[in-house]
Amino acid sequence: MATYLEFIQQNEERDGVRFSWNVWPSSRLEATRMVVPLACLLTPLKERPDLPPVQYEPVLCSRTTCKAILNPLCQVDYRAKLWACNFCFQRNQFPPAYTGISEVNQPAELMPQFSTIEYVIQRGAQSPLIFLYVVDTCLEEDDLQALKESLQMSLSLLPPDALVGLITFGRMVQVHELSCEGISKSYVFRGTKDLTAKQIQDMLGLTKPAMPMQQARPGQPHEQPFVSSRFLQPVHKIDMNLTDLLGELQRDPWPVTQGKRPLRSTGVALSIAVGLLEGTFPNTGARIMLFTGGPPTQGPGMVVGDELKVPIRSWHDIEKDNARFMKKATKHYEMLANRTATNGHCIDIYACALDQTGLLEMKCCANLTGGHMVMGDSFNTSLFKQTFQRIFSKDFNGDFRMAFGATLEVKTSRELKVAGAIGPCVSLNVKGPCVSENELGVGGTSQWKICGLDPTSTLGIYFEVVNQHNAPVPQGGRGAIQFVTQYQHSSTQRRIRVTTIARNWADAQSQLRHIEAAFDQEAAAVLMARLGVFRAESEEGPDVLRWLDRQLIRLCQKFGQYNKEDPTSFRLSDSFSLYPQPVLLDSSSILAERILLMDTFFQIVIYLGETIAQWRKAGYQDMPEYENFKHLLQAPLDDAQEILQARFPMPRYINTEHGGSQARFLLSKVNPSQTHNNLYAWGQETGAPILTDDVSLQVFMDHLKKLAVSSAC
Amino acid sequence: MSQQGYVATPPYSQSQPGIGLSPPHYGHYGDPSHAGSPPGMMKPAGPLGAAAPGGMLPHGPSPPGPQQFGQNGAHAQGHPPQRFPGPPPVNSAAPSYAPYSPSTQSSYLSPASTASVTQLASQLNAMHINSYGSGMAPPGQGPPGPPSAPLFQGLPRPPQPSIMQPGSQVLPPPPTALNGPGASPLPPSTHRQDGLPGPAPLNAQYQPPPVPGQTLGTGYSPQQASYGPQMAGGQLSYPGGFPGGPAQLAGPPQLQKKLDPDSIPSPIQVIENDRATRGGQVYATNSRGQVPPLVTTDCVIQDQGNASPRYIRCTTYCFPCTSDMAKQAQIPLAAVIKPFATIPSNETPLYLVNHGENGPVRCNRCKAYMCPFMQFIEGGRRYQCGFCNCVNDVPPFYFQHLDHIGRRLDHYEKPELSLGSYEYVATLDYCRKNKPPNPPAFIFMIDVSYSNIKNGLVKLICEELKTVLEKLPKEEQEETSAIRVGFITYNKVLHFFNVKSNLAQPQMMVVTDVGEVFVPLLDGFLVNYQESQSVIHNLLDQIPEMFADSNENETVFAPVIQAGMEALKAADCPGKLFIFHSSLPTAEAPGKLKNRDDKKLINTDKEKTLFQPQTNVYDSLAKDCVAHGCCVTLFLFPSQYVDVASLGLVPQLTGGTLYKYNNFQMHMDSQQFLNDLRNDIEKKIGFDAIMRIRTSTGFRATDFFGGIFMNNTTDVEMAAIDCDKAVTVEFKHDDKLAEDSGALIQCAVLYTTTGGQRRLRIHNLSLNCSSQLADLYKSCETDALINFFAKSAFKAVLHQPLKVIREILVNQTAHMLACYRKNCASPSAASQLILPDSMKVLPVYMNCLLKNCVLLSRPEISTDERAYQRQLVMTMGVADSQLFFYPQLLPIHTLDVKSTTLPTAIRCSESRLSEEGIFLLANGLNMFLWLGVSSPPELIQGIFNVPSFAHINTDMTTLPEIGNPYSQTLRMIISIIQQKRPYSMKLTIVKQREQPEMVFRQFLVEDKGLYGGSSYVDFLCCVHKEICQLLN
């Protein structure tokens, strides 16, 4: 084994798993003292070009409470054709198909390099993927036009046999029937009235009328697909029709008087979309794609009224509990999200507007169902267009990078229990021996549902060490975890991906250095961030910040090297060096003759210093003698392009210069080492002062050190 | 106008004292109205006065009197033996008549002034006898054989000279010959058992066991309870109460005498007389209180300061001065207003007055509009309001000097100063939200449930709409109609259509939320037909196919109206919904109805509930509709009970029309339906209307009937009002009226034209006032009275037991006549029935009203039909109600194919028909061609193009178009009759003695009704009895 860094990278590439600790403390107490919990980031559908799926079904442990899947960690008796489950130690007979098994003739799932393996299930009817577009028509003309073009374009990207549906909304909600010839037909709903799923299905004529005739003749074909096909049709059949329909789509025709917002019935539109799929295709891979250009302004789920003089709730309103509609709206979307999750469908939100669109209230729709949430200024931007296009990108196999209706099950060896998960999932409430009573994230279960996921979808899974301090795990043992992800592949196949991993146990007293060295500070930062965000959902913001601070201080106390009460003596080992600091770009970097490139995931900013900007203005880059300068200008552009190519969602790309209004994107992110408060820096070539009261990293670290070494803490 | 006295007294009766009273009346009224009387009319009166009318009678237009005599003569002709024994009584009667001659004369000189009366001489006992007689000697047999032929030829002439005077006045001549076959001196109690030939069999079903007290009441079997006591009284009084009568009529044999139907006032005669005297002439509305020609008379009306009778007709043109007097007479004071009445092309259309931004000139106090009743004073600087007497300044822009007689110099230049009716352009103050209105819209809403698809109705409607939409009403000066159109189809959900002109194909939007229906689109729903023509045609082609496979048979109804109303509201325009509906709306939605047609309720206190809507959803819906100017017209195609009382409520309250086609069959009924649809779409109509009736001091409008909605006591709101809708307004005194200032009425209707212009239509009418009851009676208009009675009774149907209503009607009839008898007629034997000339036909018309199925509590009649007719009558104008209650029956076999005028009608009685005859009957809703079994073959050939009676196919609803004169003339007659009527009449061919004849017979309203209701003769007797009782 080389370095831990390599180990971590290797594991991530193979299994899509990164643990906060790669050597595990052997008792609960010790684990708690590690401050950062034993947890991992799991990317269930991590792209594995080198992993062709096997075309058979996994072999399960026969113990009904276990049902772990045969994996390379299992003890196998080739002669007796037996294998021992490494989770429950049950001895299992191999199934008849494995009669030819031997040391030299092993099935893939027993080979160490197949710690992650994917099975294709041949059973069960394959139902096509479903894409239901829910389109806001209260848009500006060019925005709507751009959106229509994107949607029309997307029809060519969809799998040909995918079912597609269209719901448009503004003041009313229209469910378009796609199968009619000669006349375009839609069902219209009032945008202010909340309807139950039953009502929606009744109104859409999806409920089968009681037909005694039908019952008398059970041989009759099932009628349901026929009924539902009015609203959801195979792309290849109706793409012309739908292209025309989208082409004729008009802006919401209801007049919006001055001083009003358009009436936008997002809440009802989503509710109908959810109800439609719920009634017709439960537990089938389906994607509700909501395209909205502003906040919901009426009906259930409204975020702001239609009076423009009343601004949409601000951070202060929320702080002071002054956001009138927020609780009700949030409740509405949560209800929808939970129903959607139950049905195994997912909701994407594409919100493009200059002002807020109410994503705060709606976020659970994407979060609980594994949908995408994309925010932009306009549908007429490459940010939206390319992001949307990228949804339909294909992998090296020509398959769409999306999967549906997944169930993730986590199995642990006896020394471990699973405390919870944080990610785009909902609990399936499956109790079992490996479920911890202490919850971190969504806990109390060993299974979660992830309705929509792609190769980058990642969950944080949190564990708990079971063994008490007085009975630690014996040295030399390994703890094992199996992740079983069943899902509907974009090819509509049902598949099961199984990842089984194991890590060493170590005594924290004697082998703390080992444990420390196996710390994955990047994973740990993300896992802690997830916990912090998760907590922030239910707790007050300052409390969460205080908690994060305390955790950091405790970690420093535990792993820092220092003399008591002497901050200057404080040192952290390499494996913790980055963990406390959030930023790398400092305000002191902002200099006149520099070009900066900042990537904040959602934003990519290229910033030309004052002098550079002047040079460019003077056109030096066009003079042959300054070709050098030309390259200088080009380099960050190329780097940015490279990032833009791969990133999803497409980041906001900002190309600005000193004094440009968009320079604020840079200034708001850099470490404010120089502010208006430390005036000595004014006018010197030491960077740009940032007008903020936020503390700089230096100040932060100084405080951290002080607290870490303090015995009072 | 006929003011001619009609006197028929028993031989002994003396009417001289009455004459003594009369002259003062003439003196009083003679002058003002003198000029209006046609001079020519005086002549016949002369001979009459000279007691030598015989020669005159057969010629041309005769004054009413002689003709009536003639009619009596017709009867007499059948019974010559009766007449001859008559002379003694004749002699005694002759003097009684003679004094009336001068009055007759003066009545011609001054139509508005005479107090001449119709005295129907009929001693009470004689009436009894006659009614019994008629029971036993059916009309068909009474004048056996021979009389029938002359009857159809018109009035019999030859015998007249001899019998005219005696016969006409002496009603019961010794009836020995007649009594022989018909009657034995039966006790009154049993007479009905024999019955009339036609209705008699039915009679037996509901005839309660005859009891002695019922004799007269038998004709009113359903009304037994109400009339019973009174009639019993009459019965009791008969032996002793009228000692003079029986005594002088010499005993029992005469009791059996039949009352001759020809001796009682004939509506036809009255109509014909009025036609003869006033038809074809110019009627100028220049003087106050003048009584217009009858609605059945064609004449040219010239507006000279009072509204044309086409717009307003009053029950009386002379109001009593005091409320005491009004109470005494019990004559309803009412006006039947048809503000948008169609004006024939030879009359001047309404002038439009435009005062620009100033708007109409109005009285500051009562807000009456400038009209001929405003008196300019102080050199034209001020004017006094004729209604409230307030003195107003003349607005500067309106100032004009006065001439030597105090009239403005521009009197004849300004319609509002010189005309009874005119229009103002309304200013923004008169518009909703002070914004000019948008042009109205028509929304077509088609029930596409299974049955309508299956029977082809949907296809028929869609096909028809393609052509009929070309003829949307438009302003005269405009090239295309401003009216926008929209389309909705529905079963238990609603389908809206976007037919915007730029669409390649229509778009359908389904609204399934019928619980809370809404309009799913704005732009593209209401469109200009011309612009969107191709999309609309595309849609209309597709609709029948779109639902061809639908097997949905449940429908909603209230949400449909709601949707239309919301659509108009959203488009901010008034409009009209055309709903084509066929079933009871049972689908789960507001306004859902259940079948509640319970025949057991009939004749109970709960019968009224059958006329009330089942749920109050429709009430509030109607209110909303009116508030948004949404008029609902409903075409119903029921095959079973659909609860017209509930479904029809919104059309009724929103000024819409209800059309009903029972068991619609494509080949039989489509023509009628399509005609109705075309007419309704093309009709002149005003939208979003508010009518306000202003009156001069002393009286005011208190009650309103019609297709209206009222939120308060004065504003009559109408979502729309078309040319066929009339509002009947009742007036009551709140103070004394002065004879010199008269009673003034101003009806102002604020409305939106089809072109989207806001206008005011003003109708002014001045009436006389008098403290003499005789003046009041003289100026009455029976057709308008019946219109009022019908509407007030049909309104009362919702709240009162029918029994009570019928009782009130009979009582009031008797009361009005008794009051006349007591106060205006010459004192005479109490047994004499004396009718005021203006109310001569009130009893027969009243009887027709009482026999209408609405007031008849009979389980045989469909509840829906009753509710339907009730609703129709509520909005009828006078001409329509006249025809509806007393159908027009025309002899066709005597047709003069060279003439272009309609043949003279005959009375609606089976006795007037003949086996050799062909008759056409029309009542405004139905039309029948009745063929006698011995109809002339050449006529049959001519009309039907078949060789014989037996070959006639009665399945047709239009006559074949054949090139011969019979066919052409008959079809022309049918089209003339149809022309003026708001509803298309379905033609039914009825062969004598075939089953469908039963339906036809119901319309022979002078006979006993098929489902009850007494004959005219019986009713007259009953009324007479009542009167006698009142007088006693």
Side-chain angles (χ1 to χ4, degrees), chain A residues 137 166-196 198-207 209 211 213 230-231 240-241 244-245 247-257 263 265 268 272 275-276 298-299, chain B residues 487-489 491-500 502-526 535-554 556 559 562-563 566-567 570-572 587-589:
Chain A
T137 55
L166 176 66
I167 293 176
T168 56
F169 68 95
R171 186 182 177 127
M172 314 275 172
V173 179
Q174 276 176 269
V175 183
H176 295 266
E177 197 174 309
L178 301 175
S179 57
C180 30
E181 292 293 321
I183 192 163
S184 63
K185 188 170 167 186
S186 60
Y187 283 64
V188 190
F189 294 81
R190 200 189 271 278
T192 50
K193 194 172 171 184
D194 204 2
L195 299 164
T196 64
K198 169 90 172 60
Q199 282 173 312
I200 290 166
Q201 286 153 26
D202 281 348
M203 288 176 172
L204 290 175
L206 299 177
T207 33
M211 279 194 293
M213 294 283 285
R230 286 191 297 152
F231 303 106
M240 291 296 285
N241 224 342
D244 291 348
L245 187 58
E248 283 204 351
L249 206 58
Q250 301 291 313
R251 292 176 64 196
D252 194 54
W254 299 87
V256 181
T257 47
L263 289 173
S265 322
V268 170
I272 288 169
L276 171 62
Q298 69 166 2
Chain B
F487 303 87
I488 289 176
T489 58
N491 37 46
K492 68 186 215 195
V493 300
L494 280 81
H495 321 107
F496 291 73
F497 294 95
N498 185 346
V499 284
K500 203 174 169 175
N502 60 5
L503 291 178
Q505 58 184 34
Q507 291 174 353
M508 177 186 193
M509 301 175 98
V510 187
V511 170
T512 47
D513 187 1
V514 288
E516 226 182 310
V517 79
F518 60 96
V519 186
L521 78 171
L522 192 60
D523 203 21
F525 178 64
L526 295 177
V535 190
I536 290 175
H537 281 220
N538 183 340
L539 171 68
L540 293 171
D541 284 336
Q542 286 197 53
I543 286 176
E545 288 166 32
M546 222 185 296
F547 300 98
D549 303 326
S550 158
N551 50 9
E552 184 59 67
N553 46 27
E554 277 198 314
V556 295
Q562 179 91 28
E566 297 284 349
D572 198 18
E588 197 55 56

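Each chain gets a letter, A, B and so on, in the order the sequences are listed, and its residues count up from 1. Just so you know, these numbers use all the heavy atoms, side chains as well, and skip hydrogens, waters and symmetry mates.
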Portion of B:Gln507 that has a non-hydrogen atom of chain A nearer than 4.5 angstrom:
both
Pick whichever of A:His176, A:Met203, A:Gln174, A:Gln199 has the most heavy-atom pairs under 4.5 Å with chain B.
A:Met203
Between CD1 of A:Ile183 and CD1 of B:Ile543, what distance do you get to the nearest 0.5 Å?
7.0 Å
Measure across B:Ala504 and A:Glu248 and return the closest heavy-atom pair with its distance rounded to 0.1 Å.
N-OE2, 4.1 Å
At under 4.5 Å between heavy atoms, what parts of residues 511-524 of chain B are in contact with chain A? List them by residue number.
B:Val511, B:Thr512, B:Asp513, B:Glu516, B:Val517, B:Phe518, B:Val519, B:Pro520, B:Leu521, B:Leu522, B:Asp523
Can you measure from OH (A:Tyr187) to NE2 (B:His495) and round to the nearest 0.5 angstrom?
6.5 Å
Neighbour count above 12 (heavy atom, 6.0 Å) for B:Lys492 NZ:
no
Side chain, backbone, both or neither: which part of B:Phe496 has a non-hydrogen atom closer than 4.5 Å to chain A?
neither
Heavy-atom pairs under 4.5 Å with chain B: which of A:Met172, A:Arg171, A:Gln250 has the most?
A:Met172
Does a side-chain heavy-atom distance below 4.5 Å link B:Met546 with A:Lys185?
no
Most contact-rich option vs chain A, by heavy-atom pairs under 4.5 angstrom, among B:Asn538, B:Leu539, B:Val510, B:Leu494, is B:Val510
